[in-house]
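I have placed the structure first, in the form of structure tokens, so that the comments after it can refer back to it.
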Amino acid sequence: MDVTTDAAAPWLIVGLGNPGPEYAGNRHNVGFMVADLLADRVGGRFKQAGRAQAQVVEGRIGPPGPLNRRVVLAKPMSFMNLSGGPVNALRDFYKVPVAHVVAIHDELDIDYGVLRLKLGGGDNGHNGLKSMTKAFGSDYHRVRFGIGRPPGRMPVADFVLKDFSSAERKELDYFVDRAADAVESLVIEGLERAQSTYNS
């Protein structure tokens, strides 16, 4: 179900991750990777967002005309479990309705590289989503990027804070590119159309 809101309102597209070079290649940072690619596509570079603990890029997505959307790409710089505060500050500043917020995040319960788009729902133990939901409710969009379950008895926390394996990295660029396409489709064409194309 699509939630209709003010069509002129901007979209806030949030890549979830942890700041700092030591986390850059982690599975938990795939949201940052997709946000970086989207920033390249709109021709912008991430900059500090005023007082908000986040980096942002402002731009537009979509063809000229009524389907062209104003977007704010964001990477919270607060660490994953505190993402809600910076995202809510940006939402207030840019006057973004909750239904125009998109969170891009890693998802343990989906096979590696598989995408699932949805609106609302629980956090499934994901600390970034938990923090966002606590800050402004759960009625935002999610682009869930599958990373699969940890092997053997490896703790989940260790698994998500490890870099993608060498085998996974061979396909990572393709999957990140596809996730960026899915975000653009969601913003331009709506959730149902994007789901029919990308919910593989």
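Being a predicted model, the structure only gives us computed values, none of them experimental.
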Less than 4.5 Å apart, any side-chain heavy atom of [X] and any of [Y]?
| X | Y | value |
| --- | --- | --- |
| Lys118 | Asn199 | no |
| Val56 | Tyr94 | yes |
| Arg91 | Val101 | yes |
| Leu90 | Val96 | no |
| Leu38 | Ile13 | yes |
| Pro150 | Leu108 | yes |
| Val87 | Leu12 | yes |

Just verifying a value: how many Å separate [X] [atom1] and [Y] [atom2], rounded to the nearest 0.5 Å?
| X | Y | atom1 | atom2 | value |
| --- | --- | --- | --- | --- |
| Leu191 | Glu189 | CG | CD | 11.5 Å |
| Lys134 | Asn88 | NZ | CG | 12.5 Å |
| Ile110 | Arg116 | CD1 | CZ | 5.5 Å |
| Ser165 | Leu172 | OG | CG | 9.5 Å |

* To do: Specify the closest pair of heavy atoms between Leu16 and Ala103, including all atoms of both residues, with the distance to one decimal.
  =>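 Closest approach of Leu16 to Ala103: CD1-CB, 4.4 Å.
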* For the residue pair Ala194 and Leu117, what are the closest heavy atoms and their distance? ->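 Shortest heavy-atom contact: CB-CD2, 3.6 Å.
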* Tell me, which pairs form a side-chain hydrogen bond (donor to acceptor under 3.5 Å, both in side chains) where one or both residues lie in residues 149-162, sequence neighbours left out? -> Asp109-Arg149
Going only through I, L, V, M, F, W and Y residues with side-chain contacts under 4.5 Å, is there a path from [X] to [Y]?
| X | Y | answer |
| --- | --- | --- |
| Val14 | Trp11 | no |
| Val187 | Val34 | yes |
| Ile104 | Leu119 | yes |
| Leu73 | Leu186 | yes |
| Val102 | Met33 | yes |

Any residue meeting side-chain contact (heavy atoms from CB on, under 4.5 Å) with [X], in chain and number order, not counting sequence neighbours:
| X | result |
| --- | --- |
| Pro21 | none |
| Asp177 | Leu37, Arg41, Asp181 |
| Asp163 | Asn26, Arg169 |
| Ser138 | Thr133, Arg142 |

* Checking Arg178 against Tyr198: charged group under 6.0 Å from the ring centre and within 45 degrees of the axis? ->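 Judged by the rule (NZ or CZ under 6.0 Å from the ring centre, within 45° of its axis), Arg178 is not positioned above Tyr198.
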Set of residues satisfying ring-ring contact (aromatic ring centres under 6.0 Å, His included) with respect to [X], sequence neighbours excluded:
| X | result |
| --- | --- |
| Phe145 | none |
| Tyr112 | Phe164, Phe175 |
| His126 | His28, His105 |

* For Phe46, does the CZ atom have more than 12 heavy-atom neighbours from other residues, nucleotides or ligands under 6.0 Å away? -> yes
Determine all donor-acceptor pairs shorter than 3.5 Å in which one atom belongs to a side chain in residues 74-86; sequence neighbours excluded.
residue	atom	partner	partner atom	Å
Lys75	NZ	Asp36	OD1	2.7
Ser78	OG	Leu82	O	3.1
Ser83	OG	Met80	O	2.7

* Asked: Is a donor on one side and an acceptor on the other found under 3.5 Å between the side chain of Asn68 and the backbone of Gly62?
  -> yes
* Asked: Distance-only, no hydrogens or angles: does the His141 side chain make a donor-acceptor pair with backbone N or O of Gly120 under 3.5 Å?
  ->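 Not confirmed, His141 side chain does not pair with Gly120 backbone.
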* To do: Kindly write out the residues that satisfy salt bridge (Lys or Arg N to Asp or Glu O under 4.0 Å) with Arg144, not counting sequence neighbours, or none if the list is empty.
  =>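 With sequence neighbours excluded, Arg144 shows a salt bridge (Lys or Arg N to Asp or Glu O under 4.0 Å) to Glu107, given in chain and number order.
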* Structure fact -> Sorted by chain and number, sequence neighbours left out, side chain to side chain donor-acceptor pair (under 3.5 Å) with Asn18 holds for none
* Asked: salt bridge (charged side-chain N to carboxylate O under 4.0 Å, His left out): which pairs involve residues 9-28, sequence neighbours left out?
  -> Arg27-Glu168
